[in-house]
Amino acid sequence: MPELPEVETVARGVDRRVRGDRIEQAWFGNRPQSFKNPPARQAKGLAGRTILGVHRAGKHIVFELGAAAGAAGARGRNPSQTNAPDAQWIVHLGMTGRLLVTTPDAAVAPHTHARLELASGCELRFQDPRRFGRLEFRDLGSGIAFEAHGAEPLVIGTREFAELFQKRRMPIKAALLNQALLAGVGNIYADESLFEAGIRPRRRTNRLTAADLERLRLALRRILQHAIRLGGSSVSDYVDADGERGFFQLEHCVYQRTGEPCRRCQTPIRRIELAGRGTHYCPNCQH
DNA sequence: CATTTCACCTGGTGGC
DNA sequence: TGCCACCAGGTGAAAT
């Protein structure tokens, strides 16, 4: 399932392939739950725009878009010399979303909900069988720029991280999954970072010491960075923008290893349900 | 207000 | 071999 490392990998791959390209036209499907605003409006807003760059914010992929070229610039306004974006396209992959750069003649996979034809001849395709993903177009002339609600786990410092959790009483794993606190952590990396930090998932956040929280912050950062280097975790059907799988699933210590021996102490990994999610930990290494 | 639960989805899996 | 119940989980709304 796409979490921060997977989304980062996709965003980098897409950026490398489409930065500077122009969207000739866009085709959208009609499954309403895939769209935060009407697909016809998204298609119209995207057509003709230039892709200035693509980056990740939390679990979202943000396309920064420049004004439609050509005719639009002729009308008195400066043919915007600046690279300031005037629109954004925001992609959330949900559980099973894929964002792929393909050739136009590649077979269109089932559950493809959007296709962007680019001036270079490539196509950018969004497919999502389970439809937990979301597509959103924002015109920055009339709306506000996208912002992830939570802090970036790779950037946040010691004090700010501790302040996020010290006042709350929920289990630490539930807090890690809360995107309004930290943006980008999902089920895999919550379990793996709690193992690395030696903290049980049910521990209440306000009962954690400053040392616990700092170990957790560093564990999160180390694991997320390592996972990004390995192209993310391909546990179900995750692939990057070129259709390639990641390799971090080979290094999981607890996630989906129920009953298997802990890599550190050989104790069987235990599975519980927490916040409605399968949760995995080592009863010996985590306290 | 803070926290917990549940519905939304479909492909893959395991049991019979 | 076929059929079906069940599970996976990110998010936001509803419930507690």
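Throughout, a chain's letter reflects where its sequence line sits, starting with A, and its residues are numbered from 1.
- For the residue pair Thr158(A) and Arg217(A), a side-chain donor N or O sits within less than 3.5 Å of a side-chain acceptor on the partner.
- Between His111(A) and the phosphate of dC9(B), there is no side-chain N or O to OP1/OP2 separation shorter than 4.0 Å.
- Comparing dT11(C), dT10(B), dG12(C) against the side chain of Gln179(A) picks out dT11(C) as the nearest.
- Protein atom CZ of Arg169(A) is 16 Å distant from nucleotide atom P of dC1(B), rounded to whole Å.
- The phosphate of dC9(B) (OP1 or OP2) has a side-chain N or O of Gln33(A) nearer than 4.0 angstrom.
- For the pair His60(A) NE2 and dG10(C) P, the interatomic distance rounds to 13 Å; values are reported in whole Å.
- Straight-line distance from the CZ atom of Phe35(A) to the C1' atom of dC9(B): 15 Å, rounded to whole Å.
- Thr96(A) and Asp128(A) share a side-chain donor-acceptor pair at under 3.5 Å.
- With no hydrogens or angles considered, no side-chain donor-acceptor pair links Asn37(A) and Glu136(A) at under 3.5 Å.
- A donor-acceptor contact under 3.5 angstrom links the side chains of His55(A) and Glu64(A), judged on distance only.
- Under 4.0 angstrom from either OP1 or OP2 of dT11(C) there lies no side-chain N or O belonging to Arg134(A).
- Of the candidates dC9(B), dT4(B), dG10(C), the closest approach to any side-chain atom of Asn187(A) belongs to dG10(C).
- Within 4.0 Å of Met170(A), counting heavy atoms only, lie sugar-phosphate atoms of the nucleic acid but no base atom.
- Dashed line: the shortest gap from a side-chain N or O of His92(A) to OP1 or OP2 of dT11(C) is under 4.0 Å.
- At dA2(B), none of the side-chain N or O atoms of Lys167(A) fall inside 4.0 Å of OP1 or OP2 (strictly under the cut-off).
- Distances shown here put every side-chain N or O of Arg130(A) at or beyond 4.0 Å from the OP1 or OP2 atom of dG11(B).
- Picking from dT10(B), dA8(C), dG10(C) the nucleotide with the shortest atom distance to the side chain of Tyr255(A) gives dA8(C).
- Residue-level contact check: Pro110(A) touches neither bases nor backbone, having no heavy atom under 4.0 Å from any strand.
- Among the protein residues, Gly133(A) comes within range of no part of the nucleic acid, since none of its heavy atoms lies under 4.0 Å from any strand.
- Residue contacts for Arg277(A): at a heavy-atom cut-off of 4.0 Å it reaches a base atom on one of the strands shown.
- Distances were taken from every side-chain heavy atom of Met95(A) (C-beta onward) to each of dG10(C), dG12(C), dT3(B); the shortest belongs to dG10(C).
- The side chain of Glu3(A) approaches dG10(C) more closely than any other nucleotide in the set dT3(B), dG10(C), dA8(C).
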>> With ring-ring contact (aromatic ring centres under 6.0 Å, His included) as the criterion, how do His226(A) and Phe248(A) come out once you've worked through the C-alpha distance, each side chain's angles and the decisive distance to 0.1 Å?
In response: CA-CA 8 Å; His226(A) 187 200; Phe248(A) 190 70; 5.6 Å; yes
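- For the pair Arg271(A) and dC7(C), the criterion of a side-chain N or O lying under 4.0 Å from OP1 or OP2 is not met.
- As a whole-Å value, the separation of Leu93(A) CG from dC9(B) C1' is 16 Å.
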